[in-house]
Each structure stands twice: as C-alpha cells, then as structure tokens.
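Computation of the quantities below employed the complete heavy-atom set of this structure, encompassing side-chain atoms and omitting hydrogens, waters and symmetry-equivalent molecules. Here is how names work: the chains are called A, B, and so on, in the same order as the sequence lines, proteins then strands, and each is numbered from 1.
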There are 2 protein chains.
Amino acid sequence: MARPSQTELAVLGALSTGPMTGYEVRAAISESLGHFWHESFGQIYPTLAALEEAGAITPADSGRRTRTVYEITPAGVERLEELLAEPHRRAPARNGLLLRLFFGTHLPQGTPEALLEEAEEQAAGALEQYAAVRDEVADDEGTEQAFRTMTLSFGEHMARAQLAWARECRAALPRRARSSSGGGRARG
Amino acid sequence: MARPSQTELAVLGALSTGPMTGYEVRAAISESLGHFWHESFGQIYPTLAALEEAGAITPADSGRRTRTVYEITPAGVERLEELLAEPHRRAPARNGLLLRLFFGTHLPQGTPEALLEEAEEQAAGALEQYAAVRDEVADDEGTEQAFRTMTLSFGEHMARAQLAWARECRAALPRRARSSSGGGRARG
DNA sequence: AGCAGCATGTAAGTGGTTACATGATTGT
DNA sequence: ACAATCATGTAACCACTTACATGCTGCT
C-alpha cells in the first residue's frame, strides 16, 4: 500500500470511533463531516481491502456473512497517528469563484456582479443551515460536541467572511452594466 | 472537443487579456491568481491544442517559429462567456484540516492543538504576505487593480476568519497535553 | 562555450468520481 | 410479495500532476 492517502486517513479515522462496515464508514463520514469531507464507495472498498492487507484493520464478527464489520487494530491506530502527524499537504489552490471573477472583469457582462451575488447568497444560505445545526449540537456531549462545535464554527467563520467580502466587493464595483448585455467599455 | 472545462476557462481567460504562448499563459495565471489558481503545462498544452482545433484560439505571428503565440478568436470569446455563464461547478468538499482535526480528537495526543496552531500560523503568515501585496497593488490601475483588490481582499477575509477561528478553538480546548513544540507565536 | 531561462510537448501515474452489477435483509 | 435500503464490489473514465525529453534564445 504505502501511499499516504487522504482516503486512508478518513477511513481509518472513521474506524477509530468504532467497528463498522464500508457502508457505515461512508455514512459516518458524511454525517459527521457533512460539508467538509466526502468519500465514495469506489474509494472506500479498495481502501478497506488495502488496510486489511496491511493489518491495520481486521474483520470482526458481524452476525451475518453478507456484510463485513471492520475493526481497527493496534497497528491501525499507530498508522492513523502516523498519518495525522504527517505535515498536512494542502490541496492545490483552485478557487473557481476567484477564477471566474477575475476573467469576468475582462468581459462586458454583468458577470462579476452576478458571481458576487451568487457568492453572497451561497454564504447566507450556509449560515442559515449552520444556525439550524447549532441547535442540534447543543444536545451532544463531550468529545463529540467539541468536534461538532469546531467544525460548525469553522463553517460559520468562513461563511461570514465570504458574505462580508462579497458585499464589500459589490459595493465597490462601478455600476456599469446591469446584468446581461449592455455597455462594453467603461472608461476610455 | 473534450471538456477540461476549468482549465479551458483558465486558459481562455488568460488569452482574453492578450496574445500569449503556453508558457506565458502559465506565468500569467500564477502571477495574477497566485494563491487561488494554478495550471501545469501538462494541462495547458493539450488544452491549447484542443482550443485551436475548436477554433476558439488561433496562432498569431510570433516572429520566431519555436514559439506559438495564441490569440483568442471571436468564437473563443463566445465560448469564454458561455463557460463563465455556466453554473459554477462543484467544490468537492475536502478540507484536510477539518478531517484531521476531527479524528485527532479521538487520540490522546496534542494533535488537535498542533493542528490549530498550524492553522493559526498559516493564516497569520498569509496575512503578512497579503499586506506586502497591498502595497504593490496600489500602483496598478483600472480593471487590473479592481481585480487584484478583490482577490486580495478575498484572501484577507478568509485568512482573518481562519485566524479568529483557530484562536477561539484553542482557547476553548481543555488544556490536557501540552503538545511537542513550544513555538506558538507568529514571527515578528 | 556555457548557462539560465524560454518554450513545447508526452507518458505514466494519482486520486478520485460515476455508473453499473449484484445480492441480502427488513418492514409492510 | 414487494419495495426500500443495506451492502459490496468493479470498470471506465476524468482532471490533473510529475517527471521526463527536447530544443531554442539571449546573455556573459
């Protein structure tokens, strides 16, 4: 196996919270990390196989033979700690919004305005969702709660920042074209 | 043609600012979109070929035959507008920091502390960089300046948000393990 | 002559998604 | 009996990166 993959970390991490099937791993990840992470079966099952091969996880008694409940082994915990300790190489910068916005300014459209509006709405929407989750989280306890709060808080901070940024930019934009078609050149 | 739509957009967008070689396209993107976008030659050259095939760009007189300066065509501008108008594609939700932080809470380490510290330092560092860029940008003019300001502003908002979030979380964390390193402060 | 940096391209590999194929279990 | 959903897996493809191969141009 060797390659330190993000998926490996996610799967191993999920299993560190308790024994699960591949199906449940995916559910656990998408429930708990909602907006911030996601795995597909096409990644999960091969990763489970590789992890078992490497002795990091082991099939536990499942009661049924059509499903495989995996359990993390001591070696797996070690591996997980190793992965966590590794310097977190961040994804190559690829922000589609900024890309579009930049090149949008070279076009006669109201494109930049529209993009900023969209960004603003999206952030506002996210904030509403987070507010709803806040209520739920209040019921949780201990570590679970600490995690959820951090995640949530991260989402909120980022959404608020995006909202503020979009509003500032919209306010600063010269009011030339008002959406599609219209004046090409602003200044001469 | 096939649709490497994000790269296609970036390349077409770059060419919308003026004729360029593939090499220059890459430089233009990394200069202007610095932290927010990036293209590799392995993507750029095939994309240029495909765009030429599709009539979106055309080779212009370069003076030398060992380089090909491409120019965007009216059809290319149309294509660019089309791409810009398209509903802004997925951001596949994969935040390595949040992932690690979550599973870090299940381990006895000072892992979460270390991650938050790293996140805080990274944001602080970015802010310093942006401050430097601020000065440069002041010299620019017109559209160029408007773009740079927006980009920069986005970076600043996000970095400040991350900084605030990391600090809040660290303050809220129970002080159990003291982590390995002692270096928490931003350099002066 | 030699080196830095401009310029173009390709092959192999990575890390991931989508769609599909298959079947078991549970609830009504 | 049937549908929903739990569960496992694979094949094909996709966007992109890395490393490599090659050669030109301009400067000292």
Side-chain angles (χ1 to χ4, degrees), chain A residues 1-12 14-15 19-31 36-53 57 59-70 83 86 88-96 99, chain B residues 1-12 14-15 19-31 33 36-53 57 59-70 83 86 89-96 99:
Chain A
M1 51 183 311
R3 39 100 229 232
S5 89
Q6 301 262 87
T7 298
E8 199 188 325
L9 174 54
V11 170
L12 222 35
L15 287 172
M20 277 180 236
T21 66
Y23 192 87
E24 288 165 343
V25 163
R26 186 177 184 245
I29 289 171
S30 86
E31 262 165 44
F36 309 107
W37 202 264
H38 150 260
E39 289 294 343
S40 63
F41 291 131
Q43 283 285 100
I44 288 175
Y45 287 110
T47 300
L48 284 171
L51 284 170
E52 185 185 351
E53 176 77 15
I57 62 177
D61 184 41
S62 67
R64 273 177 274 149
R65 61 233 158 281
T66 58
R67 63 207 297 268
T68 313
V69 173
Y70 286 102
L83 288 171
E86 232 169 57
H88 148 219
R89 71 179 199 283
R90 64 189 105 267
R94 285 196 144 224
N95 184 319
L99 175 67
Chain B
M1 55 182 292
R3 67 253 127 184
S5 46
Q6 298 266 90
T7 297
E8 199 187 324
L9 174 54
V11 170
L12 223 34
L15 286 172
M20 277 180 238
T21 66
Y23 192 87
E24 288 165 342
V25 163
R26 186 178 184 244
I29 289 171
S30 85
E31 262 165 45
L33 279 162
F36 309 107
W37 202 264
H38 145 259
E39 290 294 343
S40 63
F41 291 130
Q43 282 286 99
I44 287 176
Y45 288 110
T47 300
L48 284 171
L51 284 170
E52 185 185 351
E53 175 78 14
I57 62 177
D61 184 40
S62 67
R64 275 176 274 150
R65 61 232 160 282
T66 59
R67 63 207 298 268
T68 312
V69 173
Y70 286 102
L83 288 171
E86 231 169 57
R89 289 183 68 176
R90 85 266 151 81
R94 285 197 141 222
N95 185 322
L99 175 67

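- OP1 and OP2 of dC6(C) both lie 4.0 Å or more from every side-chain N or O belonging to T21(B).
- Distance CD (E39(B)) to P (dT18(D)): 12 Å, rounded to an integer number of Å.
- Counting to the nearest Å, the P atom of dA7(D) and the CZ atom of R67(A) are 4 Å from each other.
- Comparing dT8(D), dA15(D), dT10(C) against the side chain of P46(B) picks out dT10(C) as the nearest.
- Atom CD of Q43(A) and atom C1' of dA7(D) are 18 Å apart (whole Å).
- OP1 or OP2 of dC16(D) has at least one side-chain nitrogen or oxygen of R94(A) nearer than 4.0 Å.
- When the nucleotides dT8(C), dA7(D), dA7(C) are ranked by their closest atom to the side chain of Y45(A), dA7(D) comes out on top.
- Side-chain proximity of F41(B) to the nucleotides dC6(D), dT8(C), dG16(C) is greatest for dT8(C).
- Using a 4.0 Å cut-off, some side-chain N or O of H38(A) falls inside it from OP1 or OP2 of dT17(C).
- One atom, CD1 of I29(A), and another, P of dT17(C), lie 11 Å apart when rounded to the nearest Å.
- Protein atom OH of Y70(A) is 19 Å distant from nucleotide atom P of dC6(D), rounded to whole Å.
- Residues Y70(A) and L15(A) approach most closely at O-CD2, 3.4 Å, considering heavy atoms.
- At a threshold of 4.0 angstrom between heavy atoms, the contacts of E24(B) are confined to the sugar-phosphate backbone, with no base atom among them.
- Contact annotation for G42(A): base contact, defined as any heavy-atom pair under 4.0 Å involving a base atom.
- In this structure, CG in L99(A) is found 4.5 Å from CG in L9(B), a value given to the nearest 0.5 Å.
- Here CD1 of I44(A) is found 11.5 Å from CG of L51(A). Values are rounded to the nearest 0.5 Å.
- A donor-acceptor contact shorter than 3.5 Å is absent between the side chain of R26(B) and the backbone of S40(B).
- Counting heavy atoms from C-beta outward, E8(A) and Q43(A) have side chains that stay 4.5 Å or more apart.
- You'll find that the side chain of S40(A) is closest to dT18(C), out of dT17(D), dA7(C), dT18(C).
- Distance, Q6(B) CD to dT17(C) C1': 15 Å, rounded to whole Å.
- Checking the phosphate oxygens (OP1, OP2) of dC6(D), no side-chain nitrogen or oxygen of T66(A) falls inside 4.0 Å.
- A straight line from CZ of R26(A) to C1' of dG9(D) spans 14 Å, rounded to a whole angstrom.
- Rounded to an integer number of Å, the gap from I44(B) CD1 to dA7(C) P is 13 Å.
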